[in-house]
Amino acid sequence: MPVRPALAAVLGGAALLTLATAPAHAAAPVHAAGPGRIAVPVHAAPVHAVPAHAAPGESVTVDTAGRLAADGTVTLTGTYRCTGNTGPVFVTSALSQRDPRVKHGIGGTVARCDGMTHTWSNSGQVSGETLQPGTAHVQATVMELRPVGLVPLPVFHATADQDVTLVQG
């Protein structure tokens, strides 16, 4: 089998396995938040395709206000805490405003999993929709790309869903 189709088959299989084994909505503890933040449920369940154990206390928060610049750039912020990585880790964020089924990826930040609480800030522009100041929904995720053979597989350390207010500025 040529290399490209084999690689596509492996990556496609890994993606399907990830989607098929990820929990839809598991009950999760609520972690306290600091001033200006709302406590949100944190899901620390890893993808079952890669055996991993999330350490207690891993979390991610989303600040209750996001910035919307005149050129359409959105900036979202919050905090995260993670431990025990073997691959690169990122804090990703996605935003939806009018239709909750349409999510726009807003940047990504390299995370440091040293057990300490750190801040994150992601910025980006959306295509196909003009965002307006007001209520929006954000999902933030602390995700590791864990090396397994030739293909790094995603391991989710923590996720948070948060309604935010986009403010002009």
Side-chain angles (χ1 to χ4, degrees), residues 11 14-34 36-67 73-97 99-127 129 131 135-148 151-166:
L11 291 175
L16 287 174
L17 185 58
T18 299
L19 290 173
T21 60
H25 291 287
V30 174
H31 291 277
R37 296 185 176 94
I38 294 178
V40 294
V42 173
H43 303 281
V47 174
H48 299 287
V50 179
H53 303 286
E58 290 191 325
S59 62
V60 63
T61 66
V62 179
D63 292 339
T64 57
R67 289 190 316 275
T73 300
V74 177
T75 301
L76 304 170
T77 57
T79 64
Y80 71 93
R81 179 181 184 275
C82 58
T83 60
N85 64 302
T86 57
V89 180
F90 304 92
V91 179
T92 64
S93 56
L95 177 135
S96 60
Q97 191 167 49
D99 185 349
R101 297 170 298 173
V102 178
K103 296 183 180 177
H104 304 280
I106 305 295
T109 302
V110 174
R112 185 173 50 212
C113 290
D114 58 5
M116 303 296 292
T117 300
H118 300 280
T119 59
W120 62 268
S121 177
N122 291 343
S123 295
Q125 293 182 327
V126 303
S127 60
E129 180 178 358
L131 298 173
T135 303
H137 186 78
V138 173
Q139 182 178 57
T141 304
V142 178
M143 182 202 63
E144 174 183 357
L145 291 176
R146 184 162 296 169
V148 177
V151 180
L153 294 180
V155 175
F156 299 96
H157 287 258
T159 63
D161 286 285
Q162 173 70 49
D163 286 332
V164 301
T165 302
L166 293 179

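Everything numeric in this text was worked out from a predicted model, so none of it was measured.
- A distance-only check finds a donor-acceptor pair linking the side chain of Asn85 to the backbone of Gly87 [under 3.5 Å].
- Between the side chain of Ser93 and the backbone N or O of Ile106 there is at least one donor-acceptor pair closer than 3.5 Å.
- Val164 approaches Asp63 most closely through the heavy-atom pair CG1-O, 3.3 Å.
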Apply the test side-chain contact (heavy atoms from CB on, under 4.5 Å) to residues Val142 and Val91: give CA-CA distance (whole Å), side-chain angles for both, the deciding distance (0.1 Å), then the verdict. CA-CA 5 Å; Val142 178; Val91 179; 4.2 Å; yes
May I have the step-by-step check of side-chain contact (heavy atoms from CB on, under 4.5 Å) for Leu166 and Gln97, ending in yes or no? CA-CA 10 Å; Leu166 293 179; Gln97 191 167 49; 3.9 Å; yes
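- Checked by atom type and distance alone, the side chain of Tyr80 pairs as donor or acceptor with a backbone atom of Arg112 at under 3.5 Å.
- In plain terms, the two heavy atoms of His104 and Ser127 that are nearest each other are CE1-O, 3.6 Å.
- For the residue pair Pro154 and Met143, the shortest heavy atom distance occurs at CB-SD, 3.8 Å.
- In terms of heavy atoms, His157 sits closest to Thr83 at CE1-O, 3.5 Å.
- No donor-acceptor pair closer than 3.5 Å links the side chain of Trp120 to the backbone N or O of Gly108.
- With no hydrogens or angles considered, a side-chain donor-acceptor pair links Glu144 and Thr86 at under 3.5 Å.
- With hydrogens and angles disregarded, a donor-acceptor distance shorter than 3.5 Å links the side chain of Thr61 to the backbone of Thr79.
- Heavy-atom minimum distance, Thr109 versus Ser121: OG1-O, 3.0 Å.
- Between Gln139 atom CD and Asp161 atom CG the span is 4.5 Å, to the nearest 0.5 Å.
- Residue Ser96 holds its OG atom at 11.0 Å from CZ of Arg101, rounded to the nearest 0.5 Å.
- Side chain of Thr117 to backbone of Arg81: no donor-acceptor contact under 3.5 angstrom is found.
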